[in-house]
Amino acid sequence: MIVVAGEALIDLVPGGPGGDDGLPALLPRRGGGPYNTAVALGRLGTPAAFCSRVSTDGFGEALLDGLRAAGVDLSLVQRGPEPTTLAVAAVGADGSAGYGFYAGGTADRLFALPGPLPDETLALCLGTCSLALEPGASAYEALLRREARRGVFTLLDPNVRPGVIPDAAAYRERFRSWLPDVRLLKLSAEDAEWLGGSPADWAARGPEAVVVTRGGEGMSVHTRDGRTYAVPAERVEVRDTIGAGDTVNAALLHRLAAAGALSPAGLAALDAAAWTAILSFAARAAALTCARTGAEPPYAAELAPS
């Protein structure tokens, strides 16, 4: 089983030109980087569990319904009466999405460190706002460190949202402190620029491999021993990019699990052909997500060879 830990929220996405009052029409969609990753894993057929704190309000119930529909285990979900976090999405002409967050006093910020994850846990995936918003951020950080040190494979996707980070310098330092407990680091080119450093610098601090996504330019992997492999993006008509990076997380974990490579030694053993196949699968999965409005990761059947 792969455990995904982090926030579940509601994205309010543009739904048309709006009314006569000049306000945009916004449609609620289930979202949150970790939430999307868990749903994507479930749709790909990989056993997955979601570890978070979800509101008992109507949005929270809808979020849990989405996880159930994808076959995601909910036994690690905490509940609370606080409201669900909202993210208002603005989609650019090229389909890229920016967000404004309404996260004050919301349920996912009050996540508490759970007991040890189940023995069948092969990997733990974390990232996005959950590692930036206190007090929950400290609990997620403690979960990362504890599970990594007991041998669980870890994937970190910082998925940086500058608008929710009160102290950029402190966050960058904290990010660097996580790297010794990270086996696979995945981040966008925009994240990489904001964080500073390079794949080689980050790999030297702990990760066995660093995957960098570059939107329409594809993605690459940089291994700790200095190898680099890249694949192009799949060409689609982009509706928006919401959930694309989260889908990449799931696709990487799905294929690494299938290859028996969810370990530092397993990653190190992957050759050019193996990495190219894994990255190409992730690129195809992300492209299908981009071809849809909102975070709608593909199902395994959609990615099966024709």
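If you read the sequence from its start, that first residue is 1, and numbering goes on from there.
Note on Leu253: it does not cluster hydrophobically with Leu303, by side-chain heavy-atom contacts below 4.5 Å among ILVMFWY residues. Residues Leu41 and Tyr299 do not share a hydrophobic cluster, defined by chaining ILVMFWY side chains whose heavy atoms lie under 4.5 Å apart. Both Ile165 and Leu126 are assigned to one and the same hydrophobic cluster, defined by single-linkage of ILVMFWY side chains at heavy-atom distances under 4.5 Å. Under the 4.5 Å side-chain heavy-atom criterion for grouping Ile, Leu, Val, Met, Phe, Trp and Tyr, Leu143 is connected to Leu185 within one hydrophobic cluster.
Counted within 6.0 Å of CZ on Phe101, heavy atoms from surrounding residues, nucleotides or ligands total more than 12; the atom is thus considered enclosed. Atom CD of Glu134 sits in a crowded spot, with more than 12 heavy atoms from other residues, nucleotides or ligands closer than 6.0 Å. For Glu193, the CD atom counts as loosely surrounded, since its 6.0 Å shell holds 12 or fewer non-hydrogen atoms of other residues, nucleotides or ligands.
Judged purely by atom type and a 3.5 angstrom limit, Arg224 uses its side chain to pair as donor or acceptor with the backbone of Gly206. For the pair Glu208 (side chain) and Arg183 (backbone), a donor-acceptor distance under 3.5 Å is absent. Arg172 contributes a side-chain N or O that, together with a main-chain N or O of Trp194, makes up a donor-acceptor pair within less than 3.5 Å. In this structure, Arg292 contributes its side chain and Glu296 its backbone to a donor-acceptor pair below 3.5 Å. Not a single donor-acceptor pair under 3.5 Å links the side chain of Glu61 to the backbone N or O of Gly58. For the pair Lys186 (side chain) and Gly245 (backbone), a donor-acceptor distance under 3.5 Å is present. Side chain of Arg79 to backbone of Ser55: a donor-acceptor contact under 3.5 angstrom is found. Between the side chain of Arg53 and the backbone N or O of Ala112 there is no donor-acceptor pair closer than 3.5 Å. The closest donor-acceptor contact from the side chain of Thr46 to the backbone of Gly42 lies at 3.5 Å or more, if one exists at all. Side-chain atoms of Asn36 never come within 3.5 Å of backbone atoms of Ala295 as a donor-acceptor pair (strictly under, hydrogens ignored).
Arg214 and Ser220 form a side-chain donor-acceptor contact under 3.5 Å, judged by distance and modelled atom types alone.
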Practice task
Carefully, step by step, assess Ser52 and Asp108 under the rule side chain to side chain donor-acceptor pair (under 3.5 Å).
Solution key: CA-CA 7 Å; Ser52 183; Asp108 55 82; over 6 Å; no
Practice task
Mind running side chain to side chain donor-acceptor pair (under 3.5 Å) on Ser177 and Glu173 for me, showing each step along the way?
Solution key: CA-CA 6 Å; Ser177 79; Glu173 184 59 35; over 6 Å; no
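The aromatic rings of Tyr171 and Trp178 lie perpendicular to each other, with more than 60° between the two planes, well past the 30° mark. Between Phe281 and His254, the ring planes lie parallel to each other; the angle is under 30°, not in the 30° to 60° tilted range.
In this structure, OG1 on Thr84 lies 6.5 Å from CD1 on Ile10, to the nearest 0.5 angstrom. One finds the CZ atom of Arg68 at 10.5 Å from the CG atom of Leu63 (value rounded to the nearest 0.5 Å). Note that the CG atom of Leu156 and the CG atom of Leu179 stand 7.0 Å from one another [nearest 0.5 Å].
Screening Val88, Asp240, Ile242, Leu26 against Val13 for a side-chain contact (heavy atoms from CB on, under 4.5 Å) leaves a single residue, Ile242. Put simply, the residue from Arg149, Arg150, Arg176, Arg205 that forms a salt bridge (Lys or Arg N to Asp or Glu O under 4.0 Å) with Asp181 is Arg149.
The two residues Tyr140 and Glu7 make their nearest non-hydrogen contact at OH-N, 4.3 Å. Nearest heavy atoms, Phe59 versus Pro28: CE2-CB, 4.3 Å. Closest heavy-atom contact between Glu82 and Thr106: CB-C, 3.8 Å. The shortest heavy-atom contact between Leu155 and Asn249 is CD2-OD1, 4.0 Å.
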Let me check something: any side-chain donor-acceptor pairs from residues 261-271 under 3.5 Å, sequence neighbours excluded? List them with distances.
from: Ser263; atom 1: OG; to: Gly266; atom 2: N; distance (Å): 2.8
from: Asp271; atom 1: OD1; to: Ala273; atom 2: N; distance (Å): 3.3
from: Asp271; atom 1: OD1; to: Ala274; atom 2: N; distance (Å): 2.9

